[in-house]
Q: 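Structure incoming, see below.
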Amino acid sequence: MALWSGRFEQGVSQFTQEFGASLPVDKAMYKQDIAGSMAHARMLAKQGVISDDDAQAIVDGLEQIERDIDEGDFTFDINDEDIHMSIEKVLTERIGDAGARLHTGRSRNDQVITDTRLYAKELARELMEANLKLRKTLLAVAAQNEGVYLPGYTHLQHAQPVLLTHHFLAYYWMFTRDFGRLRQAYDAANMNPLGSAALAGTTYPLDRFATTDMLGFSGTIPNSLDAVSDRDFLLDLDYAASVSMIHLSRLSEEIILWSTSEFGFITLSDAYSTGSSIMPQKKNPDFAELIRGKSGRVVGDLVALLVTMKSLPLAYNKDLQEDKEGVIDAARTLFDCLTCMEGMIATMKVNKEAMVEQARKGYLAATDVADYLAKKGMPFRKAHEVVGHLVLLCDKRGCDLDDLSLEDFKAESDLFEADITEALDLESIVAARNTFGGTGNDAVHQQMQLAEDAYTNDNDWFFEWEPPR
Ligand code: ARG
């Protein structure tokens, strides 16, 4: 029978027992559960609610249980329902009455959410570390490919040439924002609910601020009803993970496209490709596809929790037990995808020639030819039309703008002179786009500096900050 079975005459069926259990999921939080119980016991002793000897026996017993679980020497029993009951039961079996005093002034409702908050902080921390690794690699690849040109696209059609460094940095900034979201999710989790008991606080003289300090929370939740039923911080983490997965899915999509024979912009390392069981020539970007696919699953985790929370009355409801599985899945999936993407980017080969060849095709100079006329006084709208005619001419001849003669240009406008060749030159087209944030070489150089600064800031903050365990 369960630890709460006093008012029951019979137990639930084995099926129902297993249906209602969260142990398979929440045993991942055993370290957090033990840390929470130790803090609670020490605080109870400090407040004179239990004796120092009892608190010491509890702490020693919990330390032993933690070692046993670490070493795989702890038998989990589904009949204990969850990690909280499993540990308390074994503790009490081992140390007797002291163990049975641990739950004084506490409910599983504040216990579970204390554990979950501590665990969410740990998940956010791991994700921030993986995020930094990927960003470091993106910065390195961006720097290694300075001076490489490729077509920039809109509507997946050639638009204007850009620097590959600029393209990589666009992804770098997405992941930089993701870091900020993970940090916010960490901060959202960082409030102490312990001491709220089942829903209304307790008659024991608990010192909630003491457990806040002991557990390394930054503050104490001021409303017991909210404390036991709020799951916003998990939504925040799910959302941060979802947005980051969306960014990974966009990068994956480009990796998949770029490694087709039509593009040929990159060659993935064999370590990040797979073959086909029937077609001997195949080299598939499976892992990029898998990351792209897994984005659906993480967004699903976010939506599932949003819907679970919808219309839920105060305070604790068993529905809330559904909160952990999805968030753990989202965090683990994102962690694996960040790690995989980092390796894939670090080892892929960039085919500069294929990129530059494409950057010379598809009338990528058209805007610059129009700007050439506009700078000589022609209204831009008119210049746009003139260049439109030139493109049509090229289309008919099956050539590109730089194959036209000066006469061809002059036939459309007298303003064209021999210096039009400069407006057609790939290097000058890119170099001229030096507005802040543009793809011009100087602007990209400046951007690279900002990107490195952002990395250094986040990295220094992360490694100087030792999160309490
Ligand atoms: N296993 C539960 C959960 O994960 C712990 C809290 C149970 N509280 C209760 N009153 N049933 O949410």
Q: Name the one of Trp258, Phe265, Trp173 that satisfies ring-ring contact (aromatic ring centres under 6.0 Å, His included) with His167?
A: Trp258
Q: Taking all non-hydrogen atoms of both residues, which atom of Asp236 and which atom of Ala188 are closest, and how far apart?
A: OD2-CB, 3.4 Å
Q: Is any side-chain heavy atom of Asp301 less than 4.5 Å from a side-chain heavy atom of Val327?
A: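 Answer no - side chains too far apart.
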Q: How many angstroms lie between atom OG of Ser37 and atom CZ of Arg106, to the nearest 0.5 angstrom?
A: 3.5 Å
Q: When you look at NZ of Lys310, are more than 12 heavy atoms from neighbouring residues, nucleotides or ligands closer to it than 6.0 Å?
A: no
Q: I need the minimum non-hydrogen distance between Tyr204 and Val49, along with the two atoms involved.
A: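 Closest approach of Tyr204 to Val49: CD2-CG1, 3.7 Å.
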Q: With rounding to the nearest 0.5 Å, note down the distance linking CG in Leu127 to CG in Leu334.
A: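 Between Leu127 CG and Leu334 CG, I get 5.0 Å after rounding to 0.5 Å.
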Q: Could you check whether any side-chain heavy atom of Leu338 comes within less than 4.5 Å of a side-chain heavy atom of Ser244, counting everything from C-beta outward?
A: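 Result yes, sub-4.5 Å side-chain heavy-atom pair found.
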Q: Return the CD1 to CD1 distance between Ile34 and Ile58, rounded to the nearest 0.5 Å.
A: 13.0 Å
Q: One thing to verify: whether Glu81 and Arg108 come together as a salt bridge, which I'm taking to mean a side-chain N less than 4.0 angstrom from a carboxylate O.
A: yes
Q: Is the positively charged end of Arg135 above the ring of Phe179, judged by distance under 6.0 angstrom from the centroid and angle within 45° of the axis?
A: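 Yes - Arg135 lies over the ring of Phe179, closer than 6.0 Å to its centre and within 45° of its axis.
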Q: Nearest heavy-atom pair of Leu206 and Gln47: which atoms, and what distance?
A: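 Closest heavy-atom pair between Leu206 and Gln47: C-NE2, 4.2 Å.
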Q: Checking side-chain polar atoms at under 3.5 Å, does Gln56 have a donor or acceptor matched by the opposite partner on Asp60?
A: yes
Q: Salt-bridged, Arg125 to Glu122, with N to O below 4.0 Å?
A: yes
Q: Is any side-chain heavy atom of Glu342 closer than 4.5 Å to a side-chain heavy atom of Leu138?
A: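 No, every pair of side-chain atoms sits at 4.5 Å or beyond.
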Q: At their closest point, which heavy atom of Val25 faces which heavy atom of Ile328, and how far apart are they?
A: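 What the structure gives for the nearest pair is CG1-CD1, 4.1 Å.
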Q: Are Thr267 and Val350 close enough that some pair of their side-chain heavy atoms sits under 4.5 Å apart?
A: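 Counting from C-beta outward, Thr267 and Val350 never come under 4.5 Å.
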Q: For Thr116 and Arg231, does a side-chain donor sit closer than 3.5 Å to a side-chain acceptor?
A: no
Q: Quick check for you: to the nearest 0.5 Å, what is the distance between Phe74 atom CZ and Lys27 atom NZ?
A: 10.5 Å
Q: Would one find more than 12 heavy atoms of other residues, nucleotides or ligands at under 6.0 Å from atom NZ of Lys133?
A: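 Result for NZ/Lys133: open.
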Q: Would you call Asp73-Arg67 a salt bridge at under 4.0 Å N-O?
A: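 Not counted as a salt bridge, because no side-chain N and carboxylate O are separated by less than 4.0 Å.
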Q: Can you tell if the side chain of Leu134 reaches within under 4.5 Å of the side chain of Leu248, non-hydrogen atoms only?
A: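 They are in side-chain contact.
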Q: Tell me, yes or no, whether the heavy-atom count around Gln64 atom CD, taken from other residues, nucleotides or ligands under 6.0 Å, exceeds 12.
A: yes
Q: State whether the number of non-hydrogen atoms from other residues, nucleotides or ligands found under 6.0 Å of Lys136 atom NZ is greater than 12.
A: no
Q: Quick check: do Tyr239 and Arg181 have side-chain heavy atoms less than 4.5 Å from each other?
A: yes
Q: Would the distance check show the side chain of Ser13 and the main-chain N or O of Thr16 forming a donor-acceptor pair, the cut-off being under 3.5 Å?
A: yes
Q: Looking at Glu322, I want to see if its CD is surrounded by more than 12 non-hydrogen atoms of other residues, nucleotides or ligands under 6.0 Å.
A: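 No, because the 6.0 Å sphere around CD of Glu322 holds 12 heavy atoms or fewer from other groups.
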Q: Hey, could you give me the CG/CG distance between Leu169 and Leu163, rounded to the nearest 0.5 Å?
A: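 Here the rounded value is 10.0 Å.
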Q: Please determine whether a side-chain nitrogen of the Lys or Arg among Asp110 and Arg208 lies less than 4.0 Å from a carboxylate oxygen of the Asp or Glu.
A: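 The answer is no: the pair does not qualify as a salt bridge.
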Q: In terms of the angle between their ring planes, are Phe263 and Tyr153 parallel, tilted or perpendicular, with boundaries placed at 30° and 60°?
A: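 Aromatic pair Phe263/Tyr153 classed tilted.
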Q: Step by step, work out the side chain to side chain contact (heavy atoms under 4.5 Å, CB included) result for Val162 and Leu150.
A: CA-CA 6 Å; Val162 293; Leu150 79 158; 3.7 Å; yes
Q: If we ignore angles and hydrogens, is there a donor and acceptor under 3.5 Å between the side chains of Asn192 and Thr212?
A: yes
Q: Indicate yes or no for a side-chain donor-acceptor contact from Asn145 to the backbone of Val141 under 3.5 Å, with no hydrogens or angles considered.
A: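 It does hold such a pair.
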Q: Go through the steps for Asp115 and His84 under the test side chain to side chain contact (heavy atoms under 4.5 Å, CB included), then give the verdict.
A: CA-CA 9 Å; Asp115 298 3; His84 327 296; 3.1 Å; yes
Q: Would a 4.5 Å heavy-atom cut-off, applied to side chains only, mark Leu156 and Leu257 as touching?
A: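 Yes - at least one pair of side-chain heavy atoms lies under 4.5 Å apart.
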Q: Can you confirm whether Phe436 sits close enough to Leu450 that some side-chain heavy atom of one is under 4.5 Å from a side-chain heavy atom of the other?
A: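 Counting from C-beta outward, Phe436 and Leu450 do come under 4.5 Å.
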Q: Let's go through Lys324 and Asp82 carefully: what are the C-alpha distance in whole Å and the side-chain angles of both, what is the deciding distance for salt bridge (charged side-chain N to carboxylate O under 4.0 Å, His left out) to 0.1 Å, and is it a yes or a no?
A: CA-CA 12 Å; Lys324 286 169 283 296; Asp82 55 28; over 6 Å; no
Q: Check Gly216 against Lys121 and note the closest heavy-atom contact, atom names and distance.
A: O-NZ, 3.1 Å
Q: Between Ser273 and Lys283, which heavy-atom pair has the shortest distance, and what is it?
A: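 Minimum heavy-atom contact is OG-CE, 3.2 Å.
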Q: For the atom pair CZ (Arg292) and CD1 (Ile255), what is the distance rounded to the nearest 0.5 Å?
A: 11.0 Å
Q: Does the side chain of His247 come under 3.5 Å of the side chain of Arg250 through a donor N or O and an acceptor N or O?
A: no
